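All of these numbers come straight from a predicted model, not from anything done at the bench.
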Amino acid sequence: INSHKVDFNQQKAIITFAIGKEDVKGVVASIKSIGYGVHTIKKSFPILNMTCASCAASAQSILEQLPGVLSVSVNFATASAMIEYIPTINSVAQFKEALQSIGYDLLIEKEGDVKDELEELQLENHKLLKRKAFAAVILSLPVMIIGMFFMDMPYANYIMWAFSTPVVLVIGNQFFVNAWKQAKHGSANMDTLVALSTGVAYLFSVFNTLFPEYWHEKGLHAHVYFEAAAVVIAFILIGKLLEEGQKEYVNSNKKINRIATEYSYYSKNDDWTIEDDSAATSGTHVVMAISKTAAQRLEDIFPASPVVT
């Protein structure tokens, strides 16, 4: 610490650190050890685009490096981060910027329900994944068939190259973008593994397609692995699609549980009533826009309710 000043009127301490020697946690611990306190905020934030436990570790690591952050706990299962920080030193916008630099994102609470916004983003991501997975499977099938059964057909390598290129470079571009962001910070995750494996297989196959004589001069055959690169990306996207579908199902259940706690349904001589905190209205029909999964879940919770049709 180069200098420090305590302002009693404003109830704040101004501390100057040497460059590269910032130890906010140590200062906070010292202040608390003599019986005083430091104003901090401890809050949970949803994190987007995490795909594995390594992603959670990377997100936690970069958040812990930010000045003013006292503690961070990132949970991959719930896709959220519990952050304790000093608001006069750091802000939520800085957390978001730091996570975006390595390929993730932070959902900042604004006016309205952040849970609804998160569910909407997850639904959009599920739709995008469905389109990508479908396209990857359609384009990978001919590559796999040619690679397994028709390798000797004319221009086989060029045909597989044409079909696998959009799968690897367009549909699967997210893996390479995220892997590059991780590499810039000296970390790696599942995207790194996918990018390396499919990228090497694709580039090696392109080289062997354009310059097969390099191997022929050595008495070897110029093998190509376009089908491996395309099929790997297709299968991973299918896995992500199934995972997002499960998340959507869980979110539907949570939303219905919230509805169940907010309203009380009961039947009296076939005259249905809805009660909430504000008023009770008899004979009211409630129309809700819900998914088929949510509708089925409502039927399980309220088997006699006429609101689900």
Q. How long is the span from the CH2 atom in W180 to the CD1 atom in I102, to the nearest 0.5 Å?
A. 15.0 Å
**Q.** Main-chain N/O of S91 paired to Q94 side chain as donor or acceptor, under 3.5 Å
**A.** yes
**Q.** Hphob cluster co-occupancy, V170 + L139, side-chain heavy atoms under 4.5 angstrom
**A.** no
Q: Following the transitive rule for hydrophobic clusters with a side-chain heavy-atom cut-off under 4.5 Å over Ile, Leu, Val, Met, Phe, Trp and Tyr, establish whether I233 and L242 coincide in one cluster.
A: yes
(Q) For F150, I'd like to know if atom CZ has over 12 heavy atoms of other residues, nucleotides or ligands within 6.0 Å. (A) no
Q.
Membership question, hydrophobic clusters at under 4.5 Å side-chain separation (ILVMFWY): are V231 and I145 in the same one?
A. yes
Q | Heavy-atom side-chain proximity of S101 to I62 below 4.5 angstrom | A | yes
Q) When rounded to the nearest 0.5 angstrom, what is the spacing between CG in L48 and CD in Q100? A) 9.5 Å
Q | Verdict with reasoning, T198 to Y202, per side chain to side chain contact (heavy atoms under 4.5 Å, CB included) | A | CA-CA 6 Å; T198 58; Y202 178 81; 6.0 Å; no
Q) Mind checking whether Y225 and H223 have parallel, tilted or perpendicular rings, split at 30° and 60°? A) tilted
Q | F95 vs V69 side-chain heavy atoms within contact, under 4.5 Å | A | yes
Q: Calculate, to the nearest 0.5 Å, the distance between atoms CG and CD1 belonging to L70 and I89 respectively.
A: 8.0 Å
Q: Locate the shortest heavy-atom distance separating V143 from F163; write the atom from each residue and the value.
A: CG2-CB, 3.2 Å
Q. F134 ring centre to K130 NZ or CZ under 6.0 Å, with the angle to the axis within 45°?
A. no
Q: Taking the side chain as every heavy atom from C-beta outward, state whether H221 and W215 have any pair of such atoms under 4.5 Å apart.
A: no
Q: Provide the closest heavy-atom pair for L66 versus A98 in the form atom of the first, atom of the second, distance.
A: CD1-CB, 4.0 Å
Q. Does any non-hydrogen side-chain atom of I47 lie less than 4.5 Å from one of D105?
A. no
Q.
For Y85 and S71, which I'm curious about, is there any donor-acceptor pair between the side chains at under 3.5 Å?
A. no
(Q) For Q182 and T192: C-alpha separation, side-chain torsions, deciding distance, then whether side chain to side chain donor-acceptor pair (under 3.5 Å) applies. (A) CA-CA 8 Å; Q182 291 285 331; T192 307; 5.7 Å; no
(Q) Quick one, L241 and K132 - any side-chain contact, counting heavy atoms below 4.5 Å? (A) no
Q: Give the minimum heavy-atom separation between P212 and T209, together with the two atoms involved.
A: CD-O, 3.6 Å
(Q) Are the side chains of F226 and V206 in contact, using a 4.5 Å heavy-atom criterion? (A) yes
Q | Derivation of the side chain to side chain contact (heavy atoms under 4.5 Å, CB included) call for N49 and Q174 | A | CA-CA 10 Å; N49 305 329; Q174 67 193 67; over 6 Å; no
Q. For the residue pair N173 and L169, what are the closest heavy atoms and their distance?
A. CB-O, 3.3 Å
(Q) Distance check, rounded to the nearest 0.5 Å: L193 atom CG versus F175 atom CZ? (A) 10.5 Å
Q) Are L203 and V232 connected, step by step, through hydrophobic side chains (Ile, Leu, Val, Met, Phe, Trp, Tyr) whose heavy atoms are closer than 4.5 Å? A) yes
Q: Rounded to the nearest 0.5 Å, what's the gap from CG on D191 to CD1 on I236? Could you check?
A: 8.5 Å
Q. Taking all non-hydrogen atoms of both residues, which atom of A230 and which atom of S140 are closest, and how far apart?
A. O-OG, 3.3 Å
Q: Please report the C-alpha distance between M160 and M151 in whole Å, then the side-chain angles of each, then the deciding distance to 0.1 Å, and finally whether the side chain to side chain contact (heavy atoms under 4.5 Å, CB included) criterion is met.
A: CA-CA 10 Å; M160 289 190 292; M151 277 297 296; 3.8 Å; yes
Q. Any side-chain heavy-atom pair from P67 and N90 closer than 4.5 angstrom?
A. yes
Q. Does any N or O in the side chain of S205 come within less than 3.5 Å of the main-chain N or O of A201, such that one atom is a donor and the other an acceptor?
A. yes
(Q) Would the distance check show the side chain of S54 and the main-chain N or O of A188 forming a donor-acceptor pair, the cut-off being under 3.5 Å? (A) yes
Q: Side-chain contact test, heavy atoms from C-beta onward, threshold under 4.5 Å: evaluate it for P46 versus L106 and give yes or no.
A: no
Q) Rounded to the nearest 0.5 Å, how far apart are NZ of K42 and CE of M82? A) 6.5 Å
Q: Of all the heavy-atom pairs spanning A59 and L99, show the shortest one and how long it is.
A: CB-CD2, 3.7 Å
Q: Could you go through the side chain to side chain contact (heavy atoms under 4.5 Å, CB included) check for M144 and L141 one step at a time?
A: CA-CA 5 Å; M144 183 177 66; L141 277 175; 3.8 Å; yes
(Q) Tell me whether K127 at atom NZ has more than 12 heavy atoms from other residues, nucleotides or ligands lying less than 6.0 Å away. (A) no
Q.
Assigning hydrophobic clusters by single linkage (Ile, Leu, Val, Met, Phe, Trp, Tyr; side-chain heavy-atom cutoff under 4.5 Å), is V167 placed with L196?
A. no
